[in-house]
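The structure appears below as structure tokens.
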Amino acid sequence: MAAEVILLAGLEKLKLRVANETLGRDMHKEVNDDNYESILDAKKYEVAEELGLKEKIENVGWENMTTKEVGKIGGRMGGHIGGQMVKKLVAMAEAQMAPVDNETVAETKEHLDNKG
């Protein structure tokens with residue numbers, strides 16, 4: 001149980017760090033526990049506006065948007081944020097792994113870079 005709490009705390013720190021590197025930079029604000037949700041909501045509306053969906057959201061509400069429309073917004077946001085989080089997690093895992101030969105590490109990094 002204690003290990004789970006430590007893991008969750010670590011993931012929360014990572015989430016905020018990545019949020020600051022992506023959302024915080026884009027929104028020109030420091031992201032913390034208190035403002036994370038409001039900054040995330042502001043970014044959703046910004047992306048919705050870029051996609052021409054903001055007026056529809058204002059007229060019918062999020063609950064009446066199609067899955068495709070909401071997916072476009074989430075995909076635009078989540079792709080960048082999620083990708084950065086995965087890169088950080090991979091780097092953390094690499095740092096904790098038993099030493100492997102440099103060729104294997106280079107091949108793995110190249111493979112991951114080509115996927116993202």
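Throughout, residue positions are numbered sequentially from 1 according to the sequence presented.
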task = Count the heavy atoms of every other residue, nucleotide or ligand shown that sit under 6.0 Å from CD of Glu58, and state whether that count exceeds 12.
result = yes
key: Evaluation steps, side chain to side chain contact (heavy atoms under 4.5 Å, CB included), between Asp33 and Glu12   = CA-CA 9 Å; Asp33 284 330; Glu12 187 66 23; 3.3 Å; yes
ask   = Heavy-atom distance under 4.5 Å between the side chains of Asn114 and Glu110, does that happen here?
value = yes
CD1 on Ile73 to CD on Glu49, rounded to 0.5 Å = 11.5 Å
ask   = Hey, are Glu46 and Lys54 close enough for a salt bridge, meaning a charged N less than 4.0 Å from a carboxylate O?
value = no
ask   = With sequence neighbours excluded, what pairs up with Asp41 under the salt bridge (Lys or Arg N to Asp or Glu O under 4.0 Å) test?
value = Lys44
message = Measuring from atom CE of Met65 to atom CG of Asn59, what distance do you get when rounded to the nearest 0.5 angstrom?
response = 10.0 Å
ask   = Rounded to the nearest 0.5 Å, what separation is found between the CH2 atom of Trp62 and the CD1 atom of Ile57?
value = 3.5 Å
pair Met77-Leu40: side-chain heavy atoms closer than 4.5 Å = yes
key: For Glu107, salt bridge (Lys or Arg N to Asp or Glu O under 4.0 Å) partners two or more places apart   = none
message = Check whether Asn20 reaches the backbone of Val31 with its side chain - one donor and one acceptor, N or O, closer than 3.5 Å.
response = yes
Distance, nearest 0.5 Å, that separates NZ of Lys29 from CG of Leu23 = 11.0 Å
message = Among residues at least two apart in sequence or on other chains, which ones pass side chain to side chain contact (heavy atoms under 4.5 Å, CB included) with Asn32?
response = Asp34, Asn35
key: Short side-chain to backbone donor-acceptor contact, Arg76 and Lys72, under 3.5 Å   = no
query = Should we count NZ of Lys56 as having more than 12 external heavy atoms under 6.0 Å?
reply = yes
